[in-house]
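Worksheet for the structure shown next.
Remember, it's a predicted structure, so these values are computed and weren't measured experimentally. Counting convention: from 1, in listed order, for ligands and their atoms alike.
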Amino acid sequence: MTLPQVIALGGSLLRPEESENRKIWFGKLRQLAIHIEGNSRKLGIVVGGGLPAREGIELAKDFTSDLDRLDEVGIAATRLNATIIQQILLDVGCNVAPAIPHDTQSAAQYFEQHNFVVMGGTLPGHTTDAVAVTLARDCRAKDCIIATNVSHIYNKDPKESDDAKPFFDMTIDELISITGTERLSPGQSAVVDPIAVSIAAEHKINIAVLDGREIDLIESALDGKEFHGTVVRS
Ligand code: UTP
């Protein structure tokens with residue numbers, strides 16, 4: 001069986017500022033899916049929660065401060081977004097798993113019958129980056145692509161520091177020194193979830209970080225070609 005590839009799609013990618021960009025992005029995603037299906041390749045897509053996750057978590061904070069409960073709200077949003085992507089792929093006739101799996105082992109099993117598996121979060125305590133790395137492990141994939149809304153991993157936050165420098169190639173230990181290994185709080189943003197980095201280090205999975213607003217970059221990374229972004233070697 002062809003080994004599946006795995007990508008984490010940040011939830012913010014589903015809702016760009018302008019609706020025209022959204023149509024173009026979804027159109028290109030459909031074309032990419034048809035290209036993958038046409039080549040009998042397999043792809044696991046782990047979708048983030050984006051705006052609905054943050055809104056839901058903020059609402060729930062009025063009633064609870066329990067981190068796991070707030071994470072559950074975020075997980076529900078990731079599954080909503082995963083369902084949108086799943087339905088789009090079904091619409092273009094792709095062989096997509098009929099359900100949104102709630103754990104990565106079930107997701108990996110779906111590849112016996114299907115070319116695409118789309119899922120969101122699993123359990124509290126991490127983000128969909130960690131789910132994607134875990135799915136890569138369960139599918140015996142060596143790499144995990146993280147498509148987000150920044151072009152690279154930087155040595156410091158580029159929104160706060162003008163002299164932030166992008167990494168093109170780095171080791172997983174260098175990444176750990178930037179992210180740390182602490183659990184993020186519900187809805188907290190980070191270029192890569194520290195828990196995902198720890199899992200990648202433990203299972204020797206390489207991470208590719210790229211700007212998912214550019215579907216061409218995703219395609220290049222999936223095709224094993226050079227792409228504009230950061231490669232993290234485990
Ligand atoms: P995301 O995976 O969307 O966080 O999960 P993110 O990567 O920071 O955001 P985007 O998608 O790139 O914008 C959203 C929230 O859902 C909960 C966490 O609270 C997380 O912050 N979550 C998600 C979990 O608790 N477990 C999961 O497996 C996934």
Any idea which heavy atoms bring I153 and V191 closest together, and the distance? CG1-CG2, 4.3 Å

For residues 158-170, which side-chain N or O atoms pair as donor and acceptor with protein atoms under 3.5 Å away, sequence neighbours left out?
unit_1: D163; atom_1: OD1; unit_2: K156; atom_2: NZ; d: 3.3
unit_1: D163; atom_1: OD2; unit_2: K156; atom_2: NZ; d: 3.2
unit_1: D169; atom_1: OD1; unit_2: R233; atom_2: NE; d: 3.2
unit_1: D169; atom_1: OD2; unit_2: R233; atom_2: NE; d: 3.4
unit_1: D169; atom_1: OD2; unit_2: R233; atom_2: NH2; d: 3.2

Do N81 and R15 pass the side-chain hydrogen bond (donor to acceptor under 3.5 Å, both in side chains) test, and can you show the C-alpha distance, the side-chain angles, and the key distance before you say yes or no? CA-CA 10 Å; N81 281 343; R15 286 172 182 74; 3.2 Å; yes

Below 4.0 Å from any atom of ligand 1, which residues have a heavy atom? Give them in chain and number order, please. G10, G11, S12, G48, G49, G50, A53, R54, I57, D71, G74, I75, T78, G121, T122, L123, P124, G125, H126, T127, T128, V131, P186, G187, Q188

Start with the C-alpha gap between K61 and D66, add the side-chain angles, then the distance that decides, and say whether salt bridge (Lys or Arg N to Asp or Glu O under 4.0 Å) holds. CA-CA 9 Å; K61 275 182 185 168; D66 184 283; over 6 Å; no

Applying side-chain hydrogen bond (donor to acceptor under 3.5 Å, both in side chains), run through T122 and D103 and close with a yes or a no. CA-CA 5 Å; T122 52; D103 66 88; over 6 Å; no

Could you walk me through whether L43 and N115 pass the side chain to side chain contact (heavy atoms under 4.5 Å, CB included) test, one step at a time? CA-CA 6 Å; L43 182 63; N115 293 340; over 6 Å; no

